[in-house]
Protein chains: 2
Amino acid sequence: MSALPKDVSHEPTDGTNEQLAIDTIRTLTLDAVLKAHSGHVGAPLGLAPAAYTLWTQFLRYDPDKPDWPNRDRFVLSVGHGSMLLYSVLHLAGVKEIDAEGRPTGKPAVSLDDIRQFRQLDSKTPGHPEYRMTTGVETTTGPLGQGCANSVGMALAERYLAAHYNRPDHVVFDHDVYVFCGDGDLMEGVSAEAASMAGHLKLSNLCWVYDNNRVSIEGYTDLAFSENVIERFRGYGWHTIHVSNFNDTALIRHAIEEFRRTEDRPVLIVIDSVIGFGLQKQQGTAKAHGEAFDAEDVKGAKRAYGWDESKDFFVPDGVAERFRDAVAGRGREKREAWEKTFAAYAEAYPREAAEIERMRKGELPEGWDADIPSFEADAKGVATRDAGGKVLNAIAAKVPYLIGGSADLAPSTKTLLTFDGAGSFEAGSYEGRNLHFGIREHAMGSIANGMALSYLRSYTATFLVFSDYMRPPIRLAAIMEIPVVFVFTHDSIGVGEDGPTHQPIEQLASLRAIPGLNAIRPCDANETAEAWKVAMRQTHEPTALILSRQPLPTLDRAKYASAAGLEKGAYILAGDEGEVPEVILIGTGSEVSLCVEAHERLRAEGIRSRVVSMPSWHLFEKQDEAYRDRVLPPDVMARVGVEQAGSLGWDRYVGAKGAMVVMTTFGASAPIAKLQAKFGFTTDNVVKLAKDQIARRSSARDA
Amino acid sequence: MSALPKDVSHEPTDGTNEQLAIDTIRTLTLDAVLKAHSGHVGAPLGLAPAAYTLWTQFLRYDPDKPDWPNRDRFVLSVGHGSMLLYSVLHLAGVKEIDAEGRPTGKPAVSLDDIRQFRQLDSKTPGHPEYRMTTGVETTTGPLGQGCANSVGMALAERYLAAHYNRPDHVVFDHDVYVFCGDGDLMEGVSAEAASMAGHLKLSNLCWVYDNNRVSIEGYTDLAFSENVIERFRGYGWHTIHVSNFNDTALIRHAIEEFRRTEDRPVLIVIDSVIGFGLQKQQGTAKAHGEAFDAEDVKGAKRAYGWDESKDFFVPDGVAERFRDAVAGRGREKREAWEKTFAAYAEAYPREAAEIERMRKGELPEGWDADIPSFEADAKGVATRDAGGKVLNAIAAKVPYLIGGSADLAPSTKTLLTFDGAGSFEAGSYEGRNLHFGIREHAMGSIANGMALSYLRSYTATFLVFSDYMRPPIRLAAIMEIPVVFVFTHDSIGVGEDGPTHQPIEQLASLRAIPGLNAIRPCDANETAEAWKVAMRQTHEPTALILSRQPLPTLDRAKYASAAGLEKGAYILAGDEGEVPEVILIGTGSEVSLCVEAHERLRAEGIRSRVVSMPSWHLFEKQDEAYRDRVLPPDVMARVGVEQAGSLGWDRYVGAKGAMVVMTTFGASAPIAKLQAKFGFTTDNVVKLAKDQIARRSSARDA
């Protein structure tokens, strides 16, 4: 079992500014957690000296302009230690910015906000939440995510620097710092991200690892005995070991060493004591989240040499000196940058305007001018292929649209192939194509980090592997950032690869995520519309779900325009004015099957209607009148057709409607055999449609 | 860019047995993939020499008894290279065993089966599928999973050995071999699993890494330049480098070194050439999955010195010699083991009988004898707490029930605390509590591996983190193995931790997985019933979804017995014979809220009914009569109450029913504030129930 590390002796507060500030972070944390009866003190008590050192001596950050684009980023990956961040934002006097980017004049985090720690509608929720608290660069809490986000932020900086900097005008040159813990480093997502950061030689990236040797179940050596330093060297990182978390000189030297390192990311391992100061808990799992009482807090304050009678106490001058240290350097850097940017804007007005648009989340004029429209074609094209063409047409116009695939670009068709697109690599940070490797989880988290650094990011893999990256998809929805997650090979259409590669439940699983727009277009033209909708988003991520196999390009002269996609569902075939006898509802690859069935039914004189329903999410946003026009409540003879599980379909087909869906996992076989096996045939849809009509008639007759 | 490695010269077939067998694997693969127009040749062509060496010279495996419990396990984690496994199973003459464990007399994989590669209902699907083909130890394809499964298999062996072996009777001492590729090693799940295997010093585990330096997008150095050997040393593994994939002597020495290594797992890195033999494609990404034609195959055969005119050709004597080599050693080992086991059964009849039961997936007599029943109690108990008690009661009786938590045991309450339970660690493989560390994804995959080695495995974490482990949950369902995935902290009941930790969509996402039984019990007694159902499963995994907060223990004298859980949903309150005016449907923590509302409605003379609906999966398996009895189709005044998203609820509340559900992410606040904010109050449920009744009446009047 681990014991306390040697040499963590802590001088009681000597009245120096440094120690006062550090212990202010600690005592604010203890008071806040005690008052909330909830929260975590481990990281704040252990990493307070590192936070103090980084913020006051290194971080290029202007508390008056916390949205300055070239600021250094500080990510608290150990989000459960949120009081560390709130304390620092308070002491640094960071100013609040509202949702429209306007300063409110209020502090980002006031002492009152800290008193409201973990209360409803406070600015100090349990874990740091992006958009809720100014200064929070990303929502953290699910472990490993902040680490992986930071790789996206660091590579975004490299891309922006390569793309926009000019020899005399350096507009992007910031660093990204992360505080992380053993949980972060045990999670596979951080391993994937670290491997990629090493590969890309992101020398602007610094992870500070709080090596407190304690996790919830006990000492980390219960489950975690690897040599982290050796592992990270394997990834191509530079590593630095700080043996005493209270020694700010050692911490300073480590950060200086990071600043000097120009060819690789840096991991600083700080040996620390969890819950430092809490006499009964420190150094043990009890310090992680377990309750401590007012007496324990008083004991800790005594150990710090603090006045134990004072709660939420910031000694005179501490906040001022902290703020001055951060703001002095930050303001100077920011003002110098503004001069640089003004000169840049003069020399490169187009680029400067582009940067401004990018920051505001706007798209360039004519961004959609070259999006192709596709001719009717019975043989058609796979929506992954159409998607690739559309993506290329947009990306050529939007230089801040950048992304890639988890080693499947030839299959997902997401490679940017226009002149100069190139690969984003250590030697070529101007490249537009990211090669994420076979690392879906980190891909999603990195894309989130890129989006948080102004880029419009996209990812690509097979739909079934969305399971590998659900945590970042969820976080994109929570953070309301418009990442585009492209998923191809969207059904049993995958064919021979069989059940492990055939998504069944993934579509429902994505639809279940609040705020995520899952779109499954039915042909090339709906794919173009889907990309348009996705690009216009400023606050919603999109999951774009595309087929492997060719789908007929529908004749839009004969059927309704694909522009109907923006309403989520629309009447594709059948007269809107007519009361249909039966409604066939399809998404994606099954829409053309519905159209075929529809034509057969019409030929027999049956008034059928086809509703193409690419996005349930968008459809649910329409008003009731529109929804009832598309799916008249009086017409309950309905057939839903989708090569996926049935969950959720009852809403649209009703209790007695028919569904042609997957009720089991798929199988390994050529696609035509699978479609027949699982009932995705025109005959079957026609038969079910007639059954529906017959059942309704007999119900009426009865 | 990488080029071909040096020194991969390949002598044309010299007529030796070894080279003939190796090239048989290669040519069968080429012929099968060519015929199917689909499949992957990379691993089979590159790893054929390693497979030959391992199977004929090391693997303790009896082709006549492929279910011999002490056999070495061979896992093809690069599942897309399935033809490697099918070829070897064919050459080794492995005999088929049917679903009941009876030999059929047929080969596991005949030459005809290989001709049916990737066809509907063949035994040779695109990726190897457990239960479909004898000799496939686990379903592989989603990358990284086979690697992580193998850690579960290896630790299962350590546990079984520690628990059952006696000084003179060694009944468990097998090894686990994995063939893996760069994709496996890039995935975070394998990183987590490797770190844990190193921590546990699993010296019975050997991963053979096909270092072919090519992935789908191109050379792996596009995305993967880490030093794998240094990384694995960091994990505490022994590493061995084989510089020439065709040099079977080097491979043999490496495996011998693994066999000699007694204190850690072993990684053998074999530098190979992808698509070896295909003159135009070898060593490039084209060899990965890209189509090649008949001419290319002929060219490869010429390069091997093969008769290019022959397809699916196994030269005389090759299969016989291969089989003799495998079976000779395997039979001897197996027969010796049977003698050992017979002696063991005599000396330790209880243990031997237990092993037999375990192998058959049966439970010991009286396994459920000590499961507590819980007294009615308004204050009640969190279902996580009840779950912990029930689990302990069962585990004390079922020595092959073993599992653990991803560093949350104090929160998930899954620690086994009875005498002798202890921790499973390198020094104590008899321990019953696994400490998975903060590695949810590997935890799931390792639990699958354990289940494949006869153990009844369980895992535990928070419900929101089920997102981190969806791929193995899905695979447990595909493989039909009865792993129990415990998820606690199942709703906004999480409270202050906020949106990142409050599951909203996870319940729907789990319900969407075919064959997974997601159960959300409403109180302590339903929790006991849920564990009973889970333990009785032989072919279905269970997701057990438990609350953080206390839930009233319902008075089962007044309300229906919790045994109704086994039907998925049952009438909890309200007379079955009576036609209710309104039905309140709840799951988990919301059932007691429904009961409170019900009592208020009854007091007002309203005939309400409460349906507790812990498992949609089980309810859908009931016949229509039962389902209509519980939810009469004529009574469409319904209120569904669940602290989760609405997806899927329409099926039970109908188009006009009311739902009290979550339509957004949650928030950080104390639980009572959240319940009020989101409408989970008795007042709200009562109001909605009355609205429902009023709306139905007015509809009838109209």
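Since this is a predicted model, take the numbers as computed values, not measurements. Chain A is the first sequence line, chain B the second, and so forth, proteins listed ahead of strands; every chain is numbered from 1.
- Comparing E192(B), R231(B), E187(B) by how many heavy-atom pairs each has under 4.5 Å with chain A, the most go to E187(B).
- For L415(B), no part lies near chain A; criterion is any non-hydrogen pair under 4.5 Å.
- Counting heavy-atom pairs closer than 4.5 Å to chain B, the top-ranked of the candidates G437(A), A223(A), A669(A) is A223(A).
- Of the two parts of V464(B), only the side chain, counted from C-beta on, holds a non-hydrogen atom closer than 4.5 Å to a non-hydrogen atom of chain A.
- Neither the backbone nor the side chain of E620(B) comes within contact range of chain A, judged by heavy atoms closer than 4.5 Å.
- Atom CG of L200(A) and atom OG of S225(B) lie 8.0 Å apart (nearest 0.5 Å).
- Between H441(B) and Y468(A), the ring-plane angle classifies as perpendicular under the 30° and 60° cut-offs.
- In this structure, S646(A) and R651(B) approach most closely via the heavy-atom pair OG-NH2, 3.4 Å.
- Most heavy-atom pairs under 4.5 Å with chain B, from the set G515(A), G126(A), S509(A): that is S509(A).
- Only the backbone of P503(B) comes within contact range of chain A, with heavy atoms under 4.5 Å apart.
- In this structure, the portions of S405(B) lying under 4.5 Å from any heavy atom of chain A include both its backbone and its side chain.
- Heavy-atom distances place the side chain of L674(A), and not its backbone, under 4.5 Å from chain B.
- When all heavy atoms of A667(A) and L120(B) are compared, the pair lying nearest together is CB-CD1, 4.2 Å.
- P471(B) and D467(A) get closest at one heavy-atom pair: CD-O, 3.6 Å.
- In this structure, F224(A) CZ and H435(B) NE2 are separated by 16.0 Å, a value rounded to the nearest 0.5 Å.
- The greatest number of non-hydrogen atom pairs below 4.5 Å with chain B, out of L434(A), T663(A), L143(A), T124(A), is found for L143(A).
- Of the two parts of L475(B), only the side chain, counted from C-beta on, holds a non-hydrogen atom closer than 4.5 Å to a non-hydrogen atom of chain A.
- Heavy-atom distances place no part of F232(B) under 4.5 Å from chain A, backbone and side chain included.
- Contacts of W649(B) with chain A are absent, with no heavy-atom separation under 4.5 Å from either backbone or side chain.
- Chosen from V228(A), I473(A), D407(A), L647(A), the residue pairing most often with chain B at heavy-atom distances under 4.5 Å is D407(A).
- Chosen from R233(B), M662(B), M196(B), the residue pairing most often with chain A at heavy-atom distances under 4.5 Å is R233(B).
- Remark: I438(A) CD1 to I216(B) CD1 distance equals 6.5 Å, nearest 0.5 Å.
- Your options are E226(B), Q119(B), M186(B), and the one with the most heavy-atom pairs under 4.5 Å with chain A is M186(B).
- Residues I504(A) and P514(B) approach most closely at CG2-CG, 3.9 Å, considering heavy atoms.
- Annotation: the span from S668(B) atom OG to E129(A) atom CD amounts to 7.0 Å, rounded to 0.5 Å.
- Heavy-atom distances place the side chain of W616(A), and not its backbone, under 4.5 Å from chain B.
- Rounding to the nearest 0.5 Å places NE2 of H40(A) at 5.0 Å from CG of D497(B).
- With respect to chain A, the highest number of heavy-atom pairs below 4.5 Å among A193(B), S82(B), S195(B) belongs to S195(B).
- Ranked by heavy-atom pairs shorter than 4.5 Å toward chain B, the options P499(A), G645(A), G648(A) are led by P499(A).
- The candidate with the highest count of non-hydrogen atom pairs below 4.5 Å against chain A, out of Q145(B), R511(B), H80(B), is Q145(B).
- Heavy-atom minimum distance, P410(A) versus E217(B): CD-CG, 3.8 Å.
- With a 4.5 angstrom heavy-atom cutoff, A36(A) touches chain B only via backbone atoms.
- Between T500(B) and R474(A), the shortest heavy-atom contact is O-NH1, 3.5 Å.
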Could you walk me through whether D121(A) and K677(B) pass the side chain to side chain contact (heavy atoms under 4.5 Å, CB included) test, one step at a time?
CA-CA 11 Å; D121(A) 300 328; K677(B) 175 184 170 79; 4.1 Å; yes
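- Looking only at heavy-atom pairs under 4.5 Å with chain A, the residue among M469(B), E425(B), K673(B), H501(B) that has the most is H501(B).
- Within the 4.5 angstrom heavy-atom criterion, atoms from both the backbone and the side chain of A409(B) approach chain A.
- Interface remark: F465(A) contributes side-chain atoms only to the contact with chain B (heavy atom separation under 4.5 Å).
- With a 4.5 Å cut-off on non-hydrogen atoms, Q116(A) does not touch chain B at all.
- Proximity to chain A (any heavy atom under 4.5 Å) is shown, for A426(B), by neither the backbone nor the side chain.
- Here S122(B) contributes atom OG and E496(A) contributes atom CD; the two are 10.5 Å apart, rounded to the nearest 0.5 Å.
- If you measure heavy-atom distances from S38(B) to chain A, the contacts under 4.5 Å come from the side chain alone.
- Residue contact with chain A, scored on non-hydrogen atoms closer than 4.5 Å, involves the side chain of T139(B) exclusively.
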